[in-house]
Amino acid sequence: MFGANTTNELRGDYTHAKPDFTIDQDMRLYSAADQAMWRNLYCRQSRIVQGYASGEFLQGLKLLDAADRIPQLERISDALYKATQWRLVAVPGFIPDVAFFKHLSERCLPVTVWLRKPEEMDYLVEPDMFHDFFGHVPMLFHPVFADYVQMYGKRGLEAAGENALPLLARLYWYTVEFGLLESKDGLKTFGAGILSSAGETPFSIDSREPHRVRFALERVMRTRYMIDDYQKTYFVVRSLDELHRAMADDLRPVYRKLATATELDPGSTYAGDELVSAPAKVAA
Ligand code: HBI
Ligand code: FE
């Protein structure tokens with residue numbers, strides 16, 4: 001899903017980006033084909049996520065009202081700001097970690113302005129506007145999650161000084177992008193990488209293939225992740241509060257402890273793991 005490491009490999013147009021990598025979203029950029037792609041993606045994914053997305057995500061999705069056309073980020077930003085004081089800022093695409101963390105620490109979500117092409121409907125190398133918008137914005141209407149992501153941004157800026165960015169990237173990956181949540185209605189997902197993917201949404205909950213391990217901060221920070229296939233391991237939190245609590249303390253002692261810890265393979269499970277089993281699918 002992600003991966004380029006310099007802007008010249010990236011797809012977006014960074015030539016007009018400001019020093020904080022933000023740009024103006026030019027609505028003339030979007031062709032009729034882009035608008036049709038948006039409607040198809042949005043309609044299909046809105047149907048697929050029912051039954052798999054956490055209630056908090058579905059609540060936020062309802063507030064977005066962006067199914068009919070590619071949204072003007074400023075318009076949605078106003079609605080989001082009223083709810084949790086978050087704002088959306090337009091960016092050309094993937095931006096350097098520290099710039100990304102800085103925006104999150106200021107309650108600003110960078111949203112890519114370009115949209116995938118028809119041949120990329122189901123597989124994308126870099127996050128596009130549909131992933132960033134449909135995947136990430138709904139959860140930011142939830143106050144606890146909104147606080148978690150801002151705290152994450154602040155910890156990310158600290159981590160840069162400790163060169164612990166890979167540890168923070170894994171935490172982001174296994175929660176904000178691919179997190180699962182135990183709810184009163186069973187296992188649900190709140191991860192943007194899952195909820196913007198037609199295939200991984202059901203897979204993350206129904207499949208018996210991946211490991212589902214109870215969230216533990218150091219275990220997550222040590223575990224490598226896949227960027228070009230469904231995840232082999234998902235981490236399960238009992239509540240969004242659990243995430244927020246994990247971010248509350250100064251994590252520098254954790255970074256120092258993990259600096260000499262071995263990395264863990266997402267295809268394996270380890271002593272001390274508390275496994276969460278897939279819900280037994282009631283035969284239709
Ligand atoms: N840039 N636009 C954008 N969107 C992301 O999700 C993103 C990014 N840069 C870095 C990044 N994510 C990850 O490395 C985070 O773990 C920081
Ligand atoms: Fe993302």
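All ligand and atom numbering here is 1-based and tracks the order in the structure.
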Quiz item: Would you say P110 and ligand 1 have an N/O pair spaced under 3.5 Å apart?
Solution: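 Min N/O separation from ligand 1 is not below 3.5 Å for P110.
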Quiz item: Short N/O distance, under 3.5 Å, between P96 and ligand 1?
Solution: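 Min N/O separation from ligand 1 is not below 3.5 Å for P96.
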Looking at [X], which atoms of ligand 1 are within less than 4.0 Å of one of its heavy atoms?
X	answer
D97	10 (C), 11 (C), 13 (C), 14 (O), 17 (C)
F101	17 (C)
Y152	16 (O)
A169	16 (O)

Exercise. Write down the atom of D65, the atom of R75, and the distance for their closest heavy-atom approach.
Key: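 Here D65 and R75 meet closest at O-NH2, 3.8 Å.
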Self-check item: E177 N/O/S atom closer than 2.8 Å to the Fe ion (ligand 2)
Solution: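 For E177, the answer is yes, given that an N, O or S atom comes within less than 2.8 Å of the Fe ion (ligand 2).
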Quiz prompt | Side-chain H-bond candidate by donor/acceptor type, Q45 with S197, under 3.5 Å | solution =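 Note: Q45 and S197 side chains miss the donor-acceptor criterion.
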Self-check item: Residues which pass ring pair (Phe, Tyr, Trp, His ring centres under 6.0 Å) with Y42, listed by chain and number, not counting sequence neighbours
Solution: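 By the ring pair (Phe, Tyr, Trp, His ring centres under 6.0 Å) rule, Y42 matches W38, F134.
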Quiz item: Would you call the rings of F100 and Y172 parallel, tilted or perpendicular if under 30° counts as parallel and over 60° as perpendicular?
Solution: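 Perpendicular.
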Quiz item: So F178 and Y234, would you call those rings parallel, tilted or perpendicular, with 30° and 60° as cut-offs?
Solution: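 Rings of F178 and Y234: tilted, 30 to 60°.
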Quiz item: S54 pairs by side-chain contact (heavy atoms from CB on, under 4.5 Å) with which of M139, Q59, H142?
Solution: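 Only match with S54 under side-chain contact (heavy atoms from CB on, under 4.5 Å): M139.
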Quiz item: Any idea which part of F94 is under 4.0 Å from ligand 1, heavy-atom wise: side chain, backbone, both or neither?
Solution: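 Contact part for F94 vs ligand 1: both backbone and side chain.
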Self-check item: the Fe ion (ligand 2) - closest N/O/S atom in H136
Solution: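 The H136 atom nearest to the Fe ion (ligand 2), restricting to N, O or S, is NE2.
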Quiz item: Under a 4.5 Å side-chain heavy-atom rule over Ile, Leu, Val, Met, Phe, Trp and Tyr, are L167 and V98 clustered together?
Solution: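 Shared cluster, yes.
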